[in-house]
Amino acid sequence: MPESPQTPPALETRNVNKWFGANHANRDVSLAVPKGTIHGVVGENGAGKSTIMSIVYGYLPADSGAILVDGRPVAVRSPRDALAAGIGMVHQHFMLVDPFTVLENVLLGAEGGVTLAAGMARARAELARLARDYGLEVDLDRPVGDLPVGAQQRVEILKALYRGAEILILDEPTGVLTPQEADHLFRILRALREQGKTIVIITHKLREIMELTDNVTVMRRGQVVANLATAGTSREELAELMVGRKVLLRVEKAPARPGAPVLEAAGLCVRDGAGVERVKGVGLTVRAGEIVGIAGVSGNGQSELLEALAGMRPLAGGSVRLRGEELADRPARFTARGLRALGVGHVPEDRQRVGLVTGFEAQECAILGHQGDPAFNGRFLMDRSALFDRCAAEMDAYDIRPRDPRLPAANFSGGNQQKIVLAREIERNPDLLLVGQPTRGVDIGAIEFIHRRLVALRDQGKAILLVSVELDEIRALSDRILVMFDGRLVGELGPEEADERRLGLMMAGVVDAA
Amino acid sequence: MEHAFLVALLLTDATVRVATPLVLAAFAALYSERAGVVDIGLEGKMLAGAFFAAAVASSTGNPWLGLLAAVAASVGLALVHGFACITHKGNQVVSGMAVNILVAGLAPTLAYAWFRQGGQTPLLPGEARLPQIHLPGVEALAGIPVLGPVLGPVYRELIDDANVLVWLTVLLVVATHWVFTRSRFGLRLRAVGENPAAVDTAGLSVTRLRYQAVVVTGVLTGIAGAYLSTAHGAGFVRDMTAGKGYLALAALIFGKWRPWPTLFACLLFASTDAVQVRLQGVPLPVVGVIPVQFIQMLPYVLTVLLLAGFVGRAVAPRAGGIPYVKER
Ligand SMILES: Nc1ncnc2c1ncn2[C@@H]1O[C@H](COP(=O)(O)OP(=O)(O)O)[C@@H](O)[C@H]1O
Ligand SMILES: [Mg+2]
């Protein structure tokens, strides 16, 4: 790490440990951030990144270890201490009071007197200066809840700077931003670095690390596994360090050997909750042993299509045949439950709201939709031990961590939650698997696992319909790609012909019917 | 004409007197609930205040000591509520209800043990009650030509000889408005009721702020109780709050947790009560004399109607009723 012996690092942690019950979330975490640099902290979900930074910010107490600012040990027992030491933090979930105006949010905790008037005037002037210097424009008198996410994030940064933060920590700041907003954020962060501020950015997106940071700390399972200069590393090396083994950023798969059609849909129409037609006459076929991907900018009807095929939305018209049997005119069987019985698996797009009951234990989530299965039921009561064993076996097979079937689903990271859903659906041995956004908010190691699992399922001769807004994912997995725009399928491409430009144009509705 | 004017004045005067404890209790709850601590224990705290005010005033002959005792008892109960809900993150409705039930039984029992008069305190003599404030110049004002006959009665009936606690309540309303819009404490209070995590990460203590709010609630409900037994009434009788705590809560919801609308709601409820008292035994056109019980239902019927129909969606403080646990 380029660190001159004269100037101590702006921020340093030494052997910080933190347990959540039996979970050792931070294990002797030591890292140093040189002054005036942008420092990345990467790691898979659950690696302990948020935990160590929450400790630095005084939001969580450490069990042991030391924190040094400019070479001096500081005792941070609360965010107040951290703010006094010049540390500010932008949390992953914004800490804003929605009905308050931007100004009130900035002022909260730094009012500068028993009454507000004087502080408000001072804050206005100071915020105008910050806005000018760093491109942090926001309307100070708008309620924060009315602002777009990008602007809310700028309010969080303003809050920290207004309190005189010299070190700014951002936890997964780009997760909620559009690419344009992310670029704007990066410009702000570079401007802050110019002014000598020190920035720590937590992320699991390697592209951002390579683009933005000077140095990077890699964490895995609560430990620091490497401190590197960004210039001297690569995405592949970082991915390997994060996951602890070689990661294929590409999926390896043999050409598909499609068999008989499993799903045949024609003229499908679907309306959304407000009665607006979102799917306007879609026809498609998915055969055994192939993955059909539906690409499209989100909001073009893919979600509704998938939900309708899963029986979660009524059809407004069209026909659906499963293994040759017409279902659309048999509403009693064309339900989520009926389709399950017919061998349709569904990995919903929104795993938190639809895929899981987050307050339930993992073992309970693992049988959602199959809770009536005799395998889990005694004569009167559920057979909890069968449930436990089944879930424990799935956790082994799918490498779900922590390996505790009794832990509520909410306590698993995104990737592990997704694996719980995936395991449930795949282990039922469906003929047709409907998959929506399988890797949204999932870290690299788990992405690789999920992709391999889906390809393996295909190779067993199952039919898979994949909906994703991630073009890389669609291209990596699909044997055929359908492009959806404004409720219609506007084209079909093979994976070789689907380059980013061509797909992008079709997704934007510019159809070159080739 | 002159008679109607006088009746209107007397009704307004009665409204103010009935509204005072309602306003005190509703504003008490305003502090607590805007800070995110739901309080249905107003009733119990008021009743405790009423009992201790009367008991101490009766024993010492000093209404101010009574007021102090009322505030102390009510703050004590508020702290119990805080301990259960803030420190131990218990269920706020259950805790509030427990306070109500506890006091409903305890106050008459203590009264019996203390005074042996069937669960009441002795009737308080005039000097053991909180005083009214006599203003000068009633005769002088009435003597002014033209304006005198109008302003004179207004001054005489409404403003002169109002109880000291009525004036305190007026001050409280204005002060509360100021606190919530202009002061640091108000800003923090509102924030902690909306998003305590934001308060926590801003370097402030959620626990401390909520305790402060709950203590304010205790002080104000104590004063409300003292008003009932040593200002409006002259002694404690069993169940003398008669649902006023719940009515205050309804006024707070009707007022959408904002000071001025809450005041308006309290005045509305109080005026129906004043009208109700006046209507008792008075034959009405068409229907004749309505049984007292039906007339006494009026304020409550109004409450139900308003809350069910006319309020629209009341947006409660978002973190109301939810104990603060650091999120992951
Ligand atoms: N408040 C908490 N209570 C219990 N466990 C927690 C809490 N916060 C985090 N954890 C656990 O600690 C580990 C590290 O979490 P975190 O620091 O949030 O990871 P990251 O930010 O790298 O995704 C995870 O296993 C997570 O489940
Ligand atoms: Mg995190």
Side-chain angles (χ1 to χ4, degrees), chain A residues 20 23 25 46 50-51 54 57-61 76-85 87-101 103-120 143-145 155-156 159-160 162-163 169 171 410-413, chain B residues 30-31 33-37 174-213 216 255-259 261 312-320 322-328:
Chain A
F20 291 112
N23 183 356
S50 298
T51 302
S54 296
Y57 188 61
Y59 187 62
L60 293 174
V76 273
R77 276 180 233 93
S78 74
R80 170 162 294 248
D81 298 334
L83 290 165
I87 303 170
M89 181 158 177
V90 177
H91 294 261
Q92 189 166 4
H93 306 286
F94 297 154
M95 299 294 187
L96 296 170
V97 184
D98 283 352
F100 278 22
T101 63
L103 194 61
E104 287 174 318
N105 267 290
V106 172
L107 226 50
L108 182 66
E111 298 88 350
V114 176
T115 60
L116 298 178
M120 283 207 171
V144 158
V155 176
E156 285 281 32
K159 266 169 68 178
Y162 183 69
R163 287 163 169 73
I169 303 167
D171 193 352
N411 293 21
F412 288 84
S413 70
Chain B
L30 182 68
Y31 282 87
E33 300 223 339
R34 283 302 289 260
V37 183
V174 178
T176 299
H177 170 75
W178 184 85
V179 163
F180 273 88
T181 53
R182 301 282 158 78
S183 80
R184 175 174 75 188
F185 180 58
L187 185 80
R188 294 178 174 184
L189 220 58
R190 286 187 284 138
V192 82
E194 286 290 334
N195 186 359
V199 170
D200 190 3
T201 53
L204 304 169
S205 163
V206 172
T207 305
R208 194 174 142 172
L209 271 169
R210 289 196 164 165
Y211 264 108
Q212 286 171 345
V216 175
K256 301 192 176 175
W257 290 269
R258 293 192 310 243
R313 236 176 68 76
V315 194
R318 192 173 308 165
I322 308 162
Y324 177 57
V325 185
K326 275 184 201 286
E327 68 179 274
R328 4 187 346 189

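Note that the structure is a prediction, hence the values are computed from the model and not measured. Order of the sequence lines sets the chain letters (A, B, ...), proteins ahead of strands, with each chain counted from 1. Worth knowing before you read on, the calculation uses all heavy atoms, side chains too, and leaves out hydrogens, waters and symmetry mates.
- Interface residue A:Thr115: backbone and side-chain heavy atoms are both found under 4.5 Å from chain B.
- Using a 4.5 Å cut-off on side-chain heavy atoms (C-beta onward), B:Pro196 and B:Arg210 make contact.
- For the salt bridge (charged side-chain N to carboxylate O under 4.0 Å, His left out) test, no residue two or more places apart in sequence or in another chain qualifies with B:Glu194.
- Around atom CZ of B:Arg184, more than 12 heavy atoms belonging to other residues, nucleotides or ligands sit under 6.0 Å away.
- Below 4.5 Å, heavy atoms of chain A meet heavy atoms from B:Val199, B:Asp200, B:Thr201, B:Ala202, B:Gly203, B:Leu204, all part of residues 199-209 of chain B.
- Most heavy-atom pairs under 4.5 Å with chain B: of the set A:Gly119, A:Ala84, A:Gly113, this distinction falls to A:Gly113.
- Comparing A:Glu104, A:Met89, A:Glu111, A:Met120 by heavy-atom pairs within less than 4.5 Å of chain B, the highest count is held by A:Glu111.
- Heavy atoms of B:Arg190 lying under 4.5 Å from chain A belong to its backbone as well as its side chain.
- In this structure, chain B has a heavy atom under 4.5 Å from the side chain of A:Leu83, while its backbone stays farther away.
- For A:Tyr57, the part sitting under 4.5 Å from any heavy atom of chain B is the side chain, from C-beta outward, and nothing else.
- The line from CD of B:Gln212 to CG of B:Leu189 is 8.0 Å long, rounded to the nearest 0.5 Å.
- In terms of modelled atom types and a separation under 3.5 Å, the side chain of B:Lys256 and the main chain of B:Pro261 share no donor-acceptor contact.
- Using a distance-only test at 3.5 Å, with no hydrogens or angles considered, no donor-acceptor pair links the side chain of B:Arg34 to the main chain of B:Gly193.
- Between A:Phe94 and A:Val144 there is no side-chain heavy-atom pair separated by less than 4.5 Å.
- Heavy atoms of B:Arg188 lying under 4.5 Å from chain A belong to its backbone as well as its side chain.
- Here the side chains of A:Ile87 and A:Ile169 are in contact, with some heavy-atom distance below 4.5 Å.
- Here A:Asn105 contributes atom CG and A:Glu156 contributes atom CD; the two are 8.0 Å apart, rounded to the nearest 0.5 Å.
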